[in-house]
Number of protein chains: 2
Amino acid sequence: MRPLFHPSIDDVTVEAILHALSDPVRVAIFARIAGSDCSQSCSNFLTVSEKAVPKSTLSQHFKALREAGLIRGERRGVEMHNSPRCAEIERRFPGLISAIVNAHKVQSAGKPPPLPTAAAGRRKAPRRRG
Amino acid sequence: MRPLFHPSIDDVTVEAILHALSDPVRVAIFARIAGSDCSQSCSNFLTVSEKAVPKSTLSQHFKALREAGLIRGERRGVEMHNSPRCAEIERRFPGLISAIVNAHKVQSAGKPPPLPTAAAGRRKAPRRRG
DNA sequence: TCTATTGTTCCTAAATTCCGAACTAACGAA
DNA sequence: TTCGTTAGTTCGGAATTTAGGAACAATAGA
């Protein structure tokens, strides 16, 4: 298993951050990691916003967040501990992360919480494979 | 020619904004439109950050910015006038746009201005087509 | 050992992006 | 009117990126 790659803060780009956070699942993951005071393991996110996320996809999402410089991952035993790099990013790009997380909150607050029984109908149809 | 589509401000999403601005050419375009006091035509951006942008690509970039709700385009005669929708977005997502534009400035300031003679070597190699 | 748990890698299909070529639309001149 | 120019769009196909199932690797406990 390959060691985890984390960019130095000076190599972190706005483009990479915005791209990483332009995915609804990834912002949701990041918002929760950034908002928590203890590190989160990947498996805490096997469902995100009522939607199941396959673990291979989840792994890719975490890789994207790590390589954008948004989180730091550390393997501890069988699981991974993920923590935000907010402080570093704040020094490099003041106000960026909080504005994005805030906007995400505004948007989440704007749409009513999905009713459990109606949720299935709103879910994106699964893609069928060969 | 199809009429231009502009989302209502309430339909504008953080994800769409971040995705639109996660492209280096598009942030550069948007930063210039947002920073100018007069509207800008598309053809002003046939070269962006010393790099030529094919006009079909440019057209797609403007479409992406419009449909993300970041700019408003208006056809006047043969050309298009593009203006930012910063005020509306600021009301919906306070601080978001300015943080991103600021971050983009920080990043641009960080890298030294490319020397004209050396610029060609740093350009991304063009993809070869069939 | 064997088994369970957590996460990664591989592989292929689907989606997205890029950009040259062909096109449309507005304008001015003859 | 028709021709030519300019500004931008659309089309089509190749390249790139993404999604997720299956197989795998690594750790821990029994």
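Within every chain, numbering begins at 1; the chains are lettered A, B, ... in the order of the sequence lines, protein sequences first and strands thereafter.
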Nearest-angstrom distance from the residue atom [atom1] of [X] to [atom2] of [N]:
X: A:Lys63; N: C:dT9; atom1: NZ; atom2: P; value: 7 Å
X: A:Glu67; N: D:dT17; atom1: CD; atom2: C1'; value: 14 Å
X: B:Lys55; N: D:dT5; atom1: NZ; atom2: P; value: 14 Å
X: A:Leu4; N: C:dG7; atom1: CG; atom2: C1'; value: 10 Å
X: B:Arg2; N: D:dG8; atom1: CZ; atom2: P; value: 18 Å
X: A:Phe62; N: C:dT9; atom1: CZ; atom2: P; value: 15 Å
X: A:Glu74; N: C:dG7; atom1: CD; atom2: P; value: 13 Å
X: B:Leu65; N: D:dG8; atom1: CG; atom2: C1'; value: 15 Å

Query raised in the report: Does B:Asn44 reach the side chain of B:Ile29, with side-chain heavy atoms less than 4.5 Å apart?
Result: no
**Report entry** Beyond-backbone contact of A:Val25 with A:Phe30, side-chain heavy atoms, under 4.5 angstrom
**Finding:** no
Query raised in the report: Are B:Thr57 and C:dC19 close enough that a side-chain N or O sits under 4.0 Å from OP1 or OP2?
Result: yes
Do any N or O atoms from the side chain of [X] and from the backbone of [Y] form a donor-acceptor pair under 3.5 angstrom?
X: B:Arg72; Y: B:Pro84; value: no
X: B:Ser36; Y: B:Cys38; value: yes
X: B:Thr57; Y: B:Val53; value: no

**Report entry** Side chain of B:Glu79 (C-beta onward), nearest among D:dA26, C:dT8, D:dG8
**Finding:** D:dG8
Report summary line: Closest of C:dT8, D:dT9, C:dT6 to the B:Ser59 side chain is D:dT9
Report task. Please collect all salt bridge (Lys or Arg N to Asp or Glu O under 4.0 Å) contacts where either partner lies in residues 6-34 of chain B, sequence neighbours excluded, each pair once. Result -> none
Report task. Check every strand shown and say whether A:His19 touches a base, only sugar-phosphate, or nothing at a heavy-atom separation below 4.0 Å. Result -> sugar-phosphate
Query raised in the report: So what does A:His61 touch, heavy atoms closer than 4.0 Å: a base, only the sugar-phosphate, or nothing?
Result: sugar-phosphate
Requested in this report: State, without any angle test, whether B:His81 and B:Ser39 hold a side-chain donor-acceptor pair at a distance under 3.5 Å.
Outcome: yes
Query - DNA chain C contacts among residues 23-45 of chain A, heavy-atom distance under 4.0 Å - result: A:Ser41, A:Cys42, A:Ser43
Report summary line: Result for 5'-nearest mapping on DNA chain D, choosing between A:Gly77 and A:Ser56, is A:Ser56
